[in-house]
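Input: a single structure, listed below in structure tokens.
Both ligands and their constituent atoms are indexed starting at 1 by order of listing. Note that the structure is a prediction, hence the values are computed from the model and not measured. Atoms considered below: every heavy atom in the structure, side chains included; atoms not considered: hydrogens, waters and symmetry mates.
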Amino acid sequence: MPLFDWFRRTHESATEATVNGVTMRYRDEGQGEPILLIHAFPLSSAMWEDQIDALATRFRVIAPDLRGFGATARGSGITSLDQAADDLAALLDHLNLKTVTVAGLSMGGYIAFALLRRHPANVARLVLADTRAGADSPEAQHAREQNAQLAEREGAAAVAEQMLPKLLSAQADAAVRDEVRKIAAANDRAGVAAALRAMAARPDSTPDLATITVPTLIIVGAEDVLTPPAEARAMHAAIANSQLLEIPQAGHLANLEAPDAFSTAIEEFVGGRQALGRAGGGLAGQW
Ligand code: MLT
């Protein structure tokens, strides 16, 4: 979709609610089984445009801008990923939604783990995309602090530019690269710095994996270098009721590089393959 279109659509169709002390902007499209899409860093709900288009034909899709990102950028950003999870639980409560499919990509996955720990009753199914269970190493924490200072000094675009080679595969379209740049550059520098510090302080979710009982779909771009397929396979091995899908020729932001495969996987996971009414394709992974 042309960039101007998604900016216009995001701003025209987003709605807002004041929950947990923050005025959150979010997309709420379609009807049916609810799916909560939690965006990656350093992006916003704008990264889900293709998924919203594809999934809102059958489901209700809620895609918020997390505190400090996108149109929820007033204030100083998240103080912890637990706070981000509490914001989302409060938003679900505001929408009168008890249980939803929670789908998080990368930082969105870290927040999905926090949501599971703090608000397990909200989670009917889980999609963990291009994410990892482990905490940051001391070296990774140091790099996050450097990046937080870069964001504060030079703005969100500088952080995005530095991360871009790792966010997308080498063969990603120039249009996808531009889209990532544009979404990231629209973010607030304080929100980006705050999220970096919150990610650095996140706990190790590895011990939680064996306790996950809800159906779980794990998706990873085969060329993801930030949270590589080995991380996805380790989560798959540890979560009993899980399914793994590796998407070929896609990097870390697999939903942007392979939007159809990504959306179809979620559609089949939530709605069941039969209900799709089409032959072939489908999830290539295994339970
Ligand atoms: C993301 O895509 O959300 C980030 O790359 C996550 C991270 O930096 O750990």
Side-chain angles (χ1 to χ4, degrees), residues 36-48 51 63-70 72 77-78 80-81 84-85 88 102-115 127-151 156-169 172 176-177 179-188 191-206 218-221 223-232 234-235 247 250-259 262:
L36 175 69
L37 298 176
I38 315 176
H39 66 77
F41 174 92
L43 301 171
S44 71
S45 66
M47 69 173 255
W48 296 121
Q51 282 68 48
D65 285 341
L66 297 168
R67 192 188 283 246
F69 291 92
T72 310
I78 48 174
S80 68
L81 298 188
L88 296 176
V102 174
L105 192 143
S106 198
M107 177 179 74
Y110 310 157
I111 294 168
F113 285 128
L115 199 58
V127 180
L128 297 170
D130 298 281
T131 194
R132 59 155 50 89
D136 278 3
S137 64
E139 295 72 31
Q141 288 174 326
H142 178 73
R144 297 246 197 238
E145 181 52 35
Q146 302 292 108
N147 266 347
Q149 291 177 22
L150 176 66
V159 173
E161 211 50 55
Q162 207 234 33
M163 289 181 73
L164 206 59
K166 291 184 177 170
L167 291 175
L168 298 170
S169 70
V176 173
R177 254 167 237 288
E179 190 174 350
V180 171
R181 277 199 182 95
K182 192 96 178 180
I183 298 171
N187 279 325
D188 175 58
V192 165
L196 282 160
R197 292 183 176 120
M199 285 193 285
R202 76 188 189 282
D204 183 8
S205 297
T206 311
I218 298 161
I219 304 176
V220 66
E223 296 178 31
D224 184 343
V225 290
L226 269 177
T227 49
E231 297 283 351
M235 292 192 291
I247 302 182
H252 183 62
L253 298 175
N255 74 306
L256 288 172
E257 282 197 62
F262 194 98

Item to check | Top protein contact for atom 4 (C) of ligand 1, by heavy-atom distance | outcome: Ser106 OG, 3.3 Å
Item to check | Any N or O of Met163 closer than 3.5 Å to N or O of ligand 1 | outcome: no
Next on the checklist: Quick check on contacts: which atoms of ligand 1 are under 4.0 angstrom from a heavy atom of Leu226?
Outcome noted: 5 (O)
Checklist entry - Going by distance alone, is a donor N or O of one side chain under 3.5 Å from an acceptor N or O of the other, for Glu145 and Gln149? => result yes
Checklist entry - What residue and heavy atom of the protein are closest to atom 2 (O) of ligand 1, and at what distance? => result His252 NE2, 2.7 Å
Checklist entry - In terms of residue, atom name and distance, what is the protein heavy atom nearest to atom 8 (O) of ligand 1? => result Arg144 NH1, 2.7 Å
Item to check | Nearest non-hydrogen partners of Met163 and Pro42, listed with the distance | outcome: SD-CD, 4.0 Å
Checklist outcome for this item: Rounding to 0.5 Å, atoms CD1 (Ile38) and CG (Leu115) come to a distance of 6.0 Å
Checklist entry - When only distance counts, is Met107 in polar contact with ligand 1, meaning an N/O pair under 3.5 Å? => result yes
Item to check | Ring geometry between Trp48 and Phe262 (parallel below 30°, tilted from 30 to 60°, perpendicular above 60°) | outcome: tilted
Checklist entry - Can you name the nearest heavy-atom pair linking Glu223 to Ser169, along with the distance? => result OE1-CB, 3.6 Å
Checklist entry - Identify the closest protein heavy atom to atom 9 (O) of ligand 1: which residue and atom is it, and at what distance? => result Tyr110 OH, 2.5 Å
Next on the checklist: Here's a test for you: under side-chain contact (heavy atoms from CB on, under 4.5 Å), which of Val220, Val225, Leu168, Asp130 qualifies with His252?
Outcome noted: Asp130
